[in-house]
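Below is one structure. I have some questions about it.
Every value quoted in this text rests on a predicted model; they were computed, and no experiment measured them. All ligand and atom numbering here is 1-based and tracks the order in the structure. Only this structure's heavy atoms are used, side chains among them; waters, hydrogens and symmetry mates stay out.
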Amino acid sequence: MKEKLCLLFLSFLMTLTISAWSGDVTIETPNTMLVLHAREGGDLRMAYYGARVANLQQLRDAGADLNSSALPAFGTVDMVQLPALQVLHADGDLNLELQTTNYSSHAEGNAQVHVFTMQDKLQPIIVRMFYKAYRQVDIIETWTEIENGEKKPVTLKRYDSGHLVLRQGDVWITHMHGNWAAETEPTSEPLTGGVKIIRNTDGTRNAHLDAPEVMVSLDGRPQELTGRTIGAALCWSGNFELRFNTISHKEHHFYAGIDPQSSEYILDPKQKFETPHLALTFSNEGLSGASRNFHRWARTEGMLHRGMKVGDILLNSWEGLYFDIDEARMIQMMDDISKFGGELFVMDDGWFGDKYPRKNDTSSLGDWVVDKNKLPNGLRALTDAARERGIKFGIWIEPENVNTTSELFEQHPEWALQVKGRQLKLGRGGTQLVLDMTNPQVQDFVFKIVDDLLTQNPEIAYIKWDANASIQNFGSLYLPKNRQQNLYVDYHLGLLKTLQRIRAKYPDIVIQDCASGGGRANYGLLPYFDEFWVSDNTDALQRVYIQWGTSLFFPANAMACHINHCPYWNTGGRVIPIKFRCDVAMSGRLGIELQPKDMTDEERQQTSTCMADYKQLRPVVQTGNLYRLLSPYDRKGVASLMYVDDVQQKGVWFVYKVDNYYDQPIPRICLAGLNPDATYTLVEKNVRVGQRPCSLSGKRFTGRFLMEVGIEVPLREEYASRVFSIES
Ligand code: GLA
């Protein structure tokens with residue numbers, strides 16, 4: 001025993017910096033630190049998460065050593081604390097008494113991975129708890145692996161990815177609540193006694209309604225630029241549950257994982273289950289600081305397939321034509337986007353189906369062959385036309401779904417999720433069903449959709465991958481009867497496997513993640529996608545709000561933001577000037593979503609100006625550091641945000657008037673993230689057609705002045721907006 005302890009201690013010494021107390025493990029990123037107490041034979045304890053501290057003794061002296069179970073297991077913890085893990089053993093025992101048996105640490109890419117192995121005192125269940133700390137970004141990922149060493153299957157009744165303990169106080173959470181066409185409304189509330197649960201059980205899309213991310217503000221009401229803030233994102237595309245439990249002992253406990261309600265997962269003997277990763281950050285620069293950490297991690301550590309690359313300016317055919325596409329219209333749209341200065345044209349829904357041509361949303365999903373009536377010369381004519389116009393070509397698919405009116409459903413009705421003997425519940429168009437991604441044959445079929453498209457049309461440069469149905473028929477004809485409860489989880493594991501296969505063969509194709517708008521904006525899927533469609537609502541005023549919430553966790557080069565047409569049906573026929581529509585779309589990955597043929601001359605001119613200017617600003621917007629300055633939710637009449645490059649030489653600043661009334665005070669806006677000692681010139685961009693740049697354009701200010709005194713921006717008329725390039 002003594003020897004073992006010595007060995008454990010030695011391996012600590014070899015792999016990490018041991019602090020003053022033996023048995024403490026510090027998990028560090030450049031500015032943050034998580035401290036655990038690990039002792040062989042003991043429960044793994046979490047002591048601290050926050051800013052780096054040089055000497056751990058200070059934590060103890062300050063009473064900041066929380067010393068609470070790192071992974072509270074049912075049967076180990078005091079029952080007032082909710083468990084993060086509960087296993088029903090083969091013999092009916094529901095308890096786990098986890099003892100740490102091993103600790104190791106190894107380098108993996110730009111990160112250090114710390115692994116704690118724990119075992120139940122009685123049953124052969126092994127739990128490994130992982131913490132992956134990045135060396136260049138302030139993100140720590142945590143997850144567990146549960147191994148069934150028993151002779152019979154066991155049931156994972158709860159299997160959270162991670163747990164944090166926080167000192168009780170004026171702690172607020174900000175989570176994203178929403179709906180279709182009204183995604184990601186940041187909802188802030190203080191943590192009060194009891195349990196708060198944020199959950200999504202859609203089955204396939206987990207970012208409509210409630211999203212799997214949360215910010216925790218430790219210093220009272222959330223602020224954008226100040227205050228200690230923890231950000232947490234569950235990297236998973238399926239059902240999830242985030243829980244906060246505020247109990248005695250002056251603690252808040254935070255748990256995040258797969259929602260176990262309908263997914264009590266059955267684990268066979270020798271099988272291991274790895275939970276999704278929970279990504280955590282800490283910043284003392286408020287919500288914006290935590291957002292910047294997530295954005296940097298997403299871009300540099302492969303959480304976003306696009307990485308630091310910028311996205312092309314595109315025209316998507318959906319809102320301009322809906323299903324009414326044909327070759328002539330596609331070519332006309334390509335003409336228009338290339339004349340505006342755009343770089344890519346995407347043909348949306350409506351191009352496929354032979355026996356059942358896709359005329360509306362009631363048929364054809366599953367039949368991924370060209371509708372010869374609409375496109376008599378096939379996709380080849382379109383990729384040729386794109387090349388001739390110097391632009392790229394992209395295409396829409398919805399590979400995980402099928403309509404009952406389709407050749408696929410006629411041939412393979414058993415591939416749709418369904419319950420034998422129960423009537424099918426049908427989704428969009430009254431005929432839509434979800435394919436059974438747990439079935440390897442379906443996985444092959446989905447892979448083949450992409451593979452056929454790309455081998456037959458090697459010039460396709462972009463795919464919009466949609467998913468417009470939730471799981472309503474909870475049953476798989478592939479999974480055995482006694483494994484049906486694994487369906488929600490195995491669906492997503494099957495999807496991930498398929499995406500991995502696609503990416504292995506097609507690493508460079510750009511793929512947009514779309515699910516009835518932003519239904520799948522999550523870090524579970526983003527490693528395989530380059531960007532996501534933020535919302536089916538393209539009303540520019542509402543987009544100011546939706547994009548604000550989305551930016552809490554996701555970087556600008558992942559956010560597809562398109563200029564729409566007006567009057568706009570989704571918001572009751574609202575008409576918004578083209579200048580405002582352009583300025584809002586320019587704050588993410590710019591595109592357009594309308595029929596250019598119907599645009600006025602002013603709209604055309606403004607759009608061309610916007611695209612030309614955006615090309616200059618794009619590197620800073622898409623890969624810079626975001627500072628949200630004035631929230632539209634604060635009802636100050638104006639919203640404002642800016643991006644700054646890493647060397648603080650260039651910035652791009654957006655200002656939008658979101659209310660309009662007589663004698664309205666326009667707030668002075670203090671900028672952020674600049675070098676106080678540098679001098680910057682403000683240059684107005686995307687100037688309104690027929691107008692001159694405003695009086696601020698060309699003026700020089702020190703960074704200190706811009707950040708401490710601030711600027712009043714001329715915003716007179718309704719929907720006034722300005723974009724400035726900040727140049728040193
Ligand atoms: C979903 C998407 C839209 C569009 C349609 C096509 O609603 O979010 O952008 O692609 O499907 O049917």
I'd like the residue list for ligand 1, meaning every protein residue with a non-hydrogen atom under 4.0 Å from the ligand.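 Correct list: W318, D348, D349, W396, R428, K464, D466, N468, C514, S516, G517, W533, D536.
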Output every pair passing ring-ring contact (aromatic ring centres under 6.0 Å, His included) with a member in residues 324-343, not counting sequence neighbours, ordered by first then second residue.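 For residues 324-343: none.
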Results of ring pair (Phe, Tyr, Trp, His ring centres under 6.0 Å) for Y545 - residues two or more places apart only: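 Scan of Y545 (ring pair (Phe, Tyr, Trp, His ring centres under 6.0 Å), adjacent residues dropped) gives Y633.
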Look at the rings of F352 and W396 and say which category their plane angle falls in: under 30° parallel, 30 to 60° tilted, over 60° perpendicular.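 Plane angle under 30°, so parallel.
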For R358, salt bridge (charged side-chain N to carboxylate O under 4.0 Å, His left out) partners two or more places apart: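 R358 satisfies salt bridge (charged side-chain N to carboxylate O under 4.0 Å, His left out) with D349 once adjacent residues are dropped.
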Would you say the side chains of D371 and W351 form a donor-acceptor pair under 3.5 Å?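 No, W351 and D371 have no side-chain donor paired with an acceptor closer than 3.5 Å.
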Could you tell me if R501 sits above the aromatic ring of F447, with its cationic atom closer than 6.0 Å to the ring centre and no more than 45 degrees from the axis?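 Here R501 passes the 6.0 Å and 45° test against F447.
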